[in-house]
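Report on one structure; see the data block that follows.
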Amino acid sequence: MNDELLARIDAYVEGLFVEGDPVLSAALEDSKNAGLPEIQISPNQGKLLRLLAELSGARRILEIGTLGGYSGIHFARALPDDGTLVSLELDERHAEVARKNFERAGIYEKVEIRVGDAKETLRGMVEHGEERFDLVFIDAEKEGYLTYLDLSLELSRPGTLIIADNVIRGGSVLEEGDNMGNFNEMFASHDRLDGIILPLLREGVDGVAIARVRW
Ligand code: SAH
Ligand code: MG
């Protein structure tokens, strides 16, 4: 399948299931104007993540990699009024844009952005006995994914949903020794995880790894 066909199928699904949303459009616009990279999840993926968060009944969600808050808005919308999204971001410039986007989306009270290297932030959270999360979304720098998975598991309970983004990367994971391929093997064979990878279309093929924490 060529990339143009993939993009048309993605747009087809979006046309069926995703309504235009001024708050999300403004978030993307402001992120772009602030010079943030356009590497957020797709609209269809946002719909999928919101549904998964709602289905899991999540009250506490952990996001690793905030960017301009586009995925975070989807997660926060899935939370009950007293729910919490903790979102970790290295770059204060990104966090600043995300704060404004969360404010405009009217979900600012549910969101806490913690700025710094997420690996350090997570270690601190483990040390300080942070309350466990119901859902974790891993979407920061790809070299960190194995560490993020280990630390996320320390902040999980049986039944926690762990989701990792960009695990297919146009098929580069099929190459021997690929970094993300190594992550996928770990994710698939982990004795605490029961999961699957869901390939997703956009301009090319990517995908999310999804697993329930067994114990
Ligand atoms: N989840 C966002 C996209 C995140 S892009 C969305 O879909 O809307 C990845 C983000 O991870 C970037 O904002 C980048 O600054 C951040 N990041 C990179 N390395 C990081 C690290 N070590 N700790 C925390 N965040 C990091
Ligand atoms: Mg991503």
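The structure presented is a predicted model; accordingly, all values stated were derived computationally and were not measured. Whatever order the structure lists them in is the order used to number ligands and atoms, beginning at 1.
Regarding atom 7 (O) of ligand 1, its nearest protein heavy-atom neighbour is I41 N, 2.9 Å. Looking only at protein heavy atoms, the nearest one to atom 15 (O) of ligand 1 is E89 OE2, 2.6 Å. Of all protein heavy atoms, the one lying nearest to atom 23 (N) of ligand 1 is A118 N, 2.8 Å. The nearest heavy-atom contact from the protein to atom 19 (N) of ligand 1 is E141 OE1, 3.2 Å.
Between E63 and S87, the shortest heavy-atom contact is OE1-OG, 2.6 Å. I162 approaches S156 most closely through the heavy-atom pair CD1-OG, 3.9 Å. The two residues D134 and R59 make their nearest non-hydrogen contact at OD2-N, 2.8 Å. Summarising the geometry of N184 relative to V167, their closest heavy-atom pair is ND2-O, 2.9 Å, with the distance given to 0.1 Å.
In summary, the atoms of ligand 1 found under 4.0 Å from a heavy atom of Y148, numbered by their order in the structure, are 21 (C), 22 (N), 23 (N). Less than 4.0 angstrom separates some heavy atom of T66 from each of these atoms of ligand 1: 2 (C). Listed by number with element, the atoms of ligand 1 under 4.0 Å from a non-hydrogen atom of I39 are 5 (S). Proximity to K119 (heavy-atom distance under 4.0 Å) selects the following atoms of ligand 1: 22 (N). Less than 4.0 angstrom separates some heavy atom of G116 from each of these atoms of ligand 1: 23 (N), 24 (C). The distance from ligand 1 to the heavy atoms of S71 drops below 4.0 Å at these ligand atoms: 1 (N), 2 (C), 6 (C), 7 (O), 8 (O). Distances below 4.0 Å separate heavy atoms of Y70 from the following atoms of ligand 1: 8 (O). Listed by number with element, the atoms of ligand 1 under 4.0 Å from a non-hydrogen atom of Q40 are 6 (C), 7 (O), 8 (O).
Side-chain polar atoms of E38 and Y70 form no donor-acceptor pair below 3.5 angstrom. Looking at S71 and Q40, their side chains never bring a donor and an acceptor atom within 3.5 Å of each other. A side-chain donor from one of D165 and Q45 sits under 3.5 Å from a side-chain acceptor of the other. Side-chain contact of N179 with K142: a donor-acceptor pair under 3.5 Å is absent, judged by distance alone.
Residue L90 places at least one N or O, backbone or side chain, under 3.5 Å from an N or O of ligand 1. For F137, no nitrogen or oxygen atom sits less than 3.5 Å from a nitrogen or oxygen atom of ligand 1, counting backbone and side chain alike. For a threshold of 3.5 Å applied to N or O pairs, the pair formed by G65 and ligand 1 contains at least one separation below that value. Residue D91 has no N or O atom closer than 3.5 Å to an N or O atom of ligand 1. In terms of polar-atom proximity, D117 is counted as a contact of ligand 1, with an N or O under 3.5 Å from an N or O of the ligand. Among the atoms of G69, none of the N or O lies under 3.5 angstrom from an N or O of ligand 1.
Looking at D139 and the Mg ion (ligand 2) together, the shortest N, O or S contact belongs to OD1. Minimum-distance N/O/S atom of D165 relative to the Mg ion (ligand 2): OD2.
Distances from ligand 1 to the non-hydrogen atoms of Q45 include no value under 4.0 Å. In this structure, P37 does not count as a contact residue of ligand 1, since none of its heavy atoms falls inside 4.0 Å of the ligand.
At a heavy-atom cutoff of 4.0 Å, ligand 1 is contacted by the side chain of H94 but not by its backbone. Neither the backbone nor the side chain of F75 comes within contact range of ligand 1; no heavy atom lies under 4.0 Å. At a heavy-atom cutoff of 4.0 Å, ligand 1 is contacted by no atom of L36, backbone or side chain.
Formation of a donor-acceptor pair under 3.5 Å by the T160 side chain with backbone atoms of F133 is found in this model. Side chain of H190 to backbone of M186: no donor-acceptor contact under 3.5 angstrom is found.
Placement of L161 and I197 in two distinct hydrophobic clusters is found when ILVMFWY residues are connected by side-chain heavy-atom separations under 4.5 Å, directly or transitively.
For the residues L67, N166, D139, the heavy atom positioned nearest atom 9 (C) of ligand 1 is part of D139.
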(request) List the steps, then state whether side chain to side chain donor-acceptor pair (under 3.5 Å) holds for R104 with N101. (result) CA-CA 5 Å; R104 178 171 37 212; N101 286 333; 2.5 Å; yes

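In this structure, I196 places its CD1 atom where only 12 or fewer heavy-atom neighbours from other residues, nucleotides or ligands lie under 6.0 Å away.
Summarising the geometry, atom CD belonging to E14 is positioned 11.5 Å from atom CD belonging to E19; distances are rounded to the nearest 0.5 Å. Atom OH of residue Y108 and atom CD1 of residue I113 lie 6.5 Å apart, to the nearest 0.5 angstrom.
Of the residues listed (D150, L151, L149), the one engaging T147 in a side-chain contact (heavy atoms from CB on, under 4.5 Å) is L151, and it is the only one.
Among the backbone and side-chain atoms of N166, an N/O/S atom is found under 2.8 Å from the Mg ion (ligand 2).
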